[in-house]
2 protein chains.
Amino acid sequence: MRRMTARPANAHQARLLKLLRDGGPNSRAQLGDQVDLSRSKLAVEVDRLLETGLIVADGLAASRGGRRSHNIRLAPNLRFLGVDIGATSVDVAVTNAELEILGHLNQPMDVREGPVAVFEQVLSMAAKLRASGLAEGFDGAGIGVPGPVRFPEGVPVAPPIMPGWDGFPVREALSQELGCPVMVDNDVNLMAMGEMHAGVAHSVGDFLCVKIGTGIGCGIVAGGEVHRGVTGSAGDIGHIQAVPDGRPCACGNRGCLEAHFSGAALARDAMEAVEQGRSEELAARLAANGALTAVDVAAAAAAGDATALDLIREGGNRTGQVIAGLVSFFNPGLVVIGGGVTGLGHTLLAAIRTQVYRQSLPLATGNLPIVLGELGPTAGVIGAARLISDHLFSPA
Amino acid sequence: MRRMTARPANAHQARLLKLLRDGGPNSRAQLGDQVDLSRSKLAVEVDRLLETGLIVADGLAASRGGRRSHNIRLAPNLRFLGVDIGATSVDVAVTNAELEILGHLNQPMDVREGPVAVFEQVLSMAAKLRASGLAEGFDGAGIGVPGPVRFPEGVPVAPPIMPGWDGFPVREALSQELGCPVMVDNDVNLMAMGEMHAGVAHSVGDFLCVKIGTGIGCGIVAGGEVHRGVTGSAGDIGHIQAVPDGRPCACGNRGCLEAHFSGAALARDAMEAVEQGRSEELAARLAANGALTAVDVAAAAAAGDATALDLIREGGNRTGQVIAGLVSFFNPGLVVIGGGVTGLGHTLLAAIRTQVYRQSLPLATGNLPIVLGELGPTAGVIGAARLISDHLFSPA
DNA sequence: CGACTTTCTCCACTCTCAGGACAAAGACCT
DNA sequence: AGGTCTTTGTCCTGAGAGTGGAGAAAGTCG
């Protein structure tokens, strides 16, 4: 199950691997157009990469008016595992070296069951993907957890919503089980990396990626790099005060953004609305399902329920106010909204946009797109694969 | 007056120059300890730098148990000009290559008089410094302006408090007048660079530098680099909403931080307090000076005036609330408070600390110093000198 | 079939850089 | 005073990195 995975020997090789991964060039000549190396030097490095097996040359491309070029691509048997542990479910996917998803599984699961139970689940999902013939083994794995991570060590720290994970050696344990290198990061950062690799944020150097799910967090990308902060808690905006003397929050303060808008807050507000008889639509759904979640609110809103729409607008306004402050502060080139509640769609986006465009500086909002993520639940796993491939495609 | 200033020919030379500038090594051997080059290669590059005249070897150091080393230092006749244009005054200083201040002038001036008038003043101050024998000419100049800057071009954009400067080619104009390379940046960014070079933020990679003066802004340093945002307006936190439906602000919104706490807001609140008869101390100062400024509030507070202290605490609380959000978001390793109102000293700092430690995540505040800047009014000019020296000490 | 284009390979030459040998200059011990 | 050791700096050689030109390979097009 352990696979020998070569590493690039120098920065040139790393550059070439990443160019091939990120799609685009597929011949020596095209690579030469992008790397500013002489043809001779380029040929040497390509030959060395061919020797290591990290890339392969198979077949000839159609002529473009002269000699046909050799097709160069990353080894087709390379496999990365992307794992995205959410508060209430786990996503596991297999990708090839270009980070295209070959297989994807999703399983409901409560992260509070602790690392041992969750890992058992993750490993069985990975085994299932392997058994289906998508991979003989994994060359690397990336994993996202819903809380702050001490990045260099790959260890969660003081995660509020996942007791039992504090200090658990995620990287080491998973690496042992899978027999391959593993990198760990916050799930929101991975969503940002996913949207940067294959989504709306493609080739944007400075952007914010707000993930609204059970909790609420924000991936920060500055100069093309994820900013994690000194203790790995950067982007943890769920506990920024959104409403002075507002609702009490699990963290002990009042008025935190997360206490006013998140999957959990929305479900709670929907229950209150039913209790107060403000929405027959939601009441009907409660009666049918026995409980209410953000999905019910989204469905009610789609059916035109005024109360549900109000709840979403209200939450969007709160979130938009906080984001407006962050936009003034960070001056990003793009804001991406993602996570479980993107089902709330345009209503939510409109409320956020209104607040940001109204409250932030014109200079900061002048040319600022605020859009929904386009990868949905695959953003996290793609980001996870990208994380480990960035690591493996760097000089050892 | 134009001086020939050589530039390093490669990254090694750039590295050596910066090491020498930032103090520490002063011999070939000590340089060798820090740059991971063979002694031979190091000797070659040092010799080349000696040839260009950027560095000089003068005399021998005391022996440390063996052969005495040659003293190596940056050319002693290199001179940088640091200019810090504030809303109400201008600072101009001359530094040597190590960015030590050799002469410093400060002159009250209203930035709204426009770039032409201000430049006349700046040039006359620079001429005075030159005439006093501190410099024969300038090898480079850095200049900070109180508003957003399109950094690559060195041009202010849409500066709210400095009409008439929008689009004015500051870099080009000053470069023409002084006959040397010029770099332009926001004044707050330069304060951050100053504190990073020679102040409390020395060797801190991720920190925030909040400058409270006539307005309020925040320098953002991530990974040792200043984050300027896509339009150069990053750190403009004065118009983040601090009080819902609060005081009207010049920007058109209500409740902006700057409308509740800044030099201008403090003066206004002090006037109100006098009108309402809430402070005899402030009334006396108004009678004596004909007007009230933040300095009067500071003095009244130092004299124990309860109303003045309340104003400062109130402002500190507002500011602290905003900073608390930024700390949760950015997770810095240090927060520096600077600018004109640092005269408010410990009262202000205590209020800010209270809010941040109470409202931000424990993980983000666990080991987070919140301190006053230690360079005072020299931070800006040192940062300006640092900016241009970073530029000149990079390969051409 | 010849002229031209594109792709790739090979070769000679230059430059960078590391590391060892060694010289210079002093400290320290006997 | 003299020998030994340490520190600093210089010189030299050889291994690689890298460039650019010549030209071969393999195609298109008129």
Side-chain angles (χ1 to χ4, degrees), chain A residues 6-20 23-74 394-396, chain B residues 6-20 23-74 394-396:
Chain A
R7 294 281 289 274
N10 57 41
H12 294 314
Q13 294 185 10
R15 180 83 201 288
L16 294 174
L17 291 174
K18 285 175 185 168
L19 280 172
L20 289 169
N26 51 9
S27 72
R28 287 175 173 80
Q30 286 179 37
L31 283 171
D33 291 342
Q34 306 205 22
V35 292
D36 199 41
L37 278 178
S38 65
R39 280 175 321 221
S40 357
K41 178 61 179 163
L42 178 69
V44 168
E45 298 298 353
V46 168
D47 285 347
R48 287 180 187 165
L49 282 173
L50 284 168
E51 273 174 35
T52 67
L54 276 169
I55 66 176
V56 296
D58 59 341
L60 296 170
S63 167
R64 296 190 311 174
R67 177 173 171 177
R68 293 162 66 191
S69 60
H70 290 270
N71 282 325
I72 303 278
R73 27 177 231 150
L74 290 167
S394 298
Chain B
R7 295 279 289 274
N10 57 41
H12 294 313
Q13 293 185 12
R15 181 82 203 288
L16 294 174
L17 291 174
K18 286 175 185 167
L19 280 172
L20 289 169
N26 51 8
S27 72
R28 286 175 173 81
Q30 286 178 36
L31 283 170
D33 292 341
Q34 306 206 20
V35 293
D36 199 38
L37 280 178
S38 65
R39 280 176 319 215
S40 7
K41 177 61 178 164
L42 178 69
V44 169
E45 297 299 353
V46 168
D47 285 347
R48 288 182 187 162
L49 283 173
L50 284 168
E51 273 174 35
T52 67
L54 277 168
I55 65 175
V56 296
D58 59 341
L60 295 170
S63 167
R64 296 191 310 173
R67 179 174 171 176
R68 293 162 66 191
S69 60
H70 291 271
N71 282 325
I72 303 278
R73 29 178 228 149
L74 289 166
S394 298

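- Contact annotation: the side chain of A:L31 never approaches that of A:L37 to less than 4.5 Å [non-hydrogen atoms, C-beta and beyond].
- Taking only side-chain nitrogens and oxygens, A:R48 comes nearer than 4.0 Å to OP1 or OP2 of D:dA17.
- Identified under the salt bridge (Lys or Arg N to Asp or Glu O under 4.0 Å) test for residues 28-37 of chain B, with sequence neighbours left out: B:R28-B:D47.
- Between A:H12 and A:N10 the shortest heavy-atom distance is N-OD1, 3.0 Å.
- Ionic pairing of A:E45 and A:R48 is present here: one or more N-O contacts between side-chain nitrogen and carboxylate oxygen are shorter than 4.0 angstrom.
- Remark: A:Q13 CD to A:L54 CG distance equals 8.0 Å, nearest 0.5 Å.
- Proximity of A:L60 to A:H70: side-chain heavy atoms (C-beta onward) are separated by under 4.5 Å at one or more points.
- Separating the NZ atom of B:K41 from the P atom of D:dT13 is a distance of 19 Å, rounded to the nearest angstrom.
- The outermost nucleotides of DNA chain C lying under 4.0 Å from heavy atoms of chain B, listed 5' to 3', are C:dT16 to C:dA27.
- Listed here is the closest heavy atom pair of A:I55 and A:L50: O-CD2, 3.5 Å.
- Distance alone, capped at 3.5 Å, is enough to place a donor-acceptor pair between the A:R7 side chain and the A:S394 backbone.
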Summary of protein contacts for nucleotides 2-11 of chain D, nucleotide by nucleotide, where a base hit scores B, a sugar-phosphate-only hit scores S (4.0 Å, heavy atoms): ----BBBSBB
